[in-house]
Amino acid sequence: MKKSYRVKREKDFQAIFDGGESKANRKFVIYFLDKEQDHFRVGISVGKKLGNAVIRNAVKRKIRHVIMELSDHLKKDDFVVIARKGVETLDYKDLRRNLQHVLRLANLLEEGFEIEKEN
């Protein structure tokens with residue numbers, strides 16, 4: 001993921017938390033802030049309660065991968081994805097489904113984009 005697509009500075013995270021809205025499901029919380037810009041920016045937060053550094057980094061990699069798969073369908077806002085306890089046990093397919101669900105709740109996915117159904 002390019003650096004221009006990431007929220008990295010504490011000031012940017014704080015602006016999203018203070019000025020934005022939040023939506024959640026059992027596995028993720030998303031804080032989002034409407035902005036006029038060329039593309040979305042995302043910050044990812046995985047707390048120490050989820051496990052050691054290896055586990056946390058694996059969760060972040062999966063989240064980044066899902067975000068990049070959905071990048072063509074995401075609205076051009078800033079948002080922060082916070083992983084909740086239990087995400088570390090999900091396989092990729094379940095993680096993707098849960099993340100798409102919370103993105104839909106936050107209205108960050110474009111209209112008309114359908115979440116994949118199980119076969």
Side-chain angles (χ1 to χ4, degrees):
M1 186 179 302
K2 293 181 184 177
K3 283 188 179 185
S4 63
Y5 284 83
R6 290 187 251 168
V7 175
K8 294 293 273 185
R9 297 187 327 203
E10 179 64 28
K11 184 176 117 179
D12 295 337
F13 273 93
Q14 210 54 52
I16 295 169
F17 291 140
D18 293 342
E21 299 176 53
S22 67
K23 296 289 180 182
N25 63 11
R26 291 178 183 219
K27 301 298 180 188
F28 294 102
V29 178
I30 291 197
Y31 287 86
F32 54 97
L33 181 65
D34 291 337
K35 287 195 105 175
E36 294 296 323
Q37 54 193 9
D38 295 335
H39 53 77
F40 69 90
R41 291 189 325 145
V42 63
I44 299 172
S45 175
V46 180
K48 288 187 176 182
K49 288 183 180 181
L50 271 86
N52 62 21
V54 174
I55 293 169
R56 292 193 311 269
N57 286 329
V59 169
K60 285 189 274 190
R61 276 194 308 272
K62 288 178 186 176
I63 292 170
R64 272 195 301 271
H65 192 265
V66 171
I67 296 292
M68 289 313 296
E69 282 184 340
L70 299 173
S71 63
D72 293 338
H73 306 287
L74 288 170
K75 293 189 177 175
K76 297 174 179 167
D77 296 336
D78 285 356
F79 60 98
V80 176
V81 177
I82 300 173
R84 286 183 162 175
K85 188 82 173 132
V87 170
E88 71 280 4
T89 62
L90 296 177
D91 63 355
Y92 179 77
K93 190 174 180 180
D94 290 333
L95 185 137
R96 179 184 168 124
R97 191 175 322 112
N98 278 286
L99 189 53
Q100 283 179 333
H101 175 256
V102 77
L103 287 168
R104 170 78 66 205
L105 289 176
N107 201 24
L108 290 170
L109 284 174
E110 288 178 349
E111 293 298 320
F113 178 73
E114 284 297 317
I115 296 175
E116 289 181 9
K117 304 286 183 200
E118 273 191 60
N119 295 336

- Message: Restricting to ring-ring contact (aromatic ring centres under 6.0 Å, His included), what partner residues turn up for Phe28, sequence neighbours left out?
- Response: none
- Task: Can you sort out the partners of Asp34 under side-chain hydrogen bond (donor to acceptor under 3.5 Å, both in side chains), two or more places apart, ordered by chain and number?
- Result: none
- Query: Got more than 12 heavy atoms from elsewhere within 6.0 Å of NZ, Lys76?
  - Reply: no
- Item | Side-chain heavy atoms of Val7 within contact of Phe79, under 4.5 Å | no
- Task: State which residues pass side-chain contact (heavy atoms from CB on, under 4.5 Å) with Ala24; sequence neighbours excluded, sorted by chain then number.
- Result: Val29, Arg84
- What distance separates Arg64 CZ from Glu69 CD, expressed to the nearest 0.5 Å? 14.0 Å
- Report yes if the side chains of Leu109 and Lys75 come closer than 4.5 Å at any heavy-atom pair, otherwise no. no
- State, to 0.1 Å, how close Ile63 and Ala83 come at their nearest heavy-atom pair, and which atoms those are. CD1-CB, 4.4 Å
- Message: I'd like to check the side-chain contact (heavy atoms from CB on, under 4.5 Å) partners of Lys62; sequence neighbours left out, ordered by chain and number.
- Response: Tyr92, Leu95
- Report the residues that fulfil salt bridge (Lys or Arg N to Asp or Glu O under 4.0 Å) with Lys60, sequence neighbours left out, ordered by chain and then residue number. none
Please tabulate, for the side chains in residues 8-23, all donor-acceptor contacts under 3.5 angstrom to protein atoms that are two or more places apart in sequence or on a different chain.
from: Gln14; atom 1: NE2; to: Asp18; atom 2: OD1; distance (Å): 3.3

- Calculate, to the nearest 0.5 Å, the distance between atoms OG1 and NZ belonging to Thr89 and Lys27 respectively. 5.0 Å
- Task: State, with a plain yes or no, whether a side-chain heavy atom of Ile67 is found less than 4.5 Å away from one of Leu99.
- Result: yes
- When rounded to the nearest 0.5 angstrom, what distance separates CZ in Arg96 from NE2 in His65? 9.0 Å
- Item | Sidechain-backbone polar pair: Arg56 side chain, Gly51 backbone, donor-acceptor under 3.5 Å | yes
- Quick one: does Phe32's side chain get under 4.5 Å of Val81's, heavy atoms only? no
- Task: Not counting sequence neighbours, which residues clear salt bridge (Lys or Arg N to Asp or Glu O under 4.0 Å) with Asp78? List them please.
- Result: Lys35, Arg41
- Item | From Ile82 atom CD1 to Ile44 atom CD1, the distance as rounded to the nearest 0.5 Å | 11.5 Å
- side-chain contact (heavy atoms from CB on, under 4.5 Å) against Arg26, all qualifying residues, sequence neighbours excluded: none
- Query: Near Tyr31 OH, under 6.0 Å, is it more than 12 heavy atoms from other residues, nucleotides or ligands?
  - Reply: no
- Sequence neighbours excluded - side-chain hydrogen bond (donor to acceptor under 3.5 Å, both in side chains) pairs with any residue from residues 45-54: none
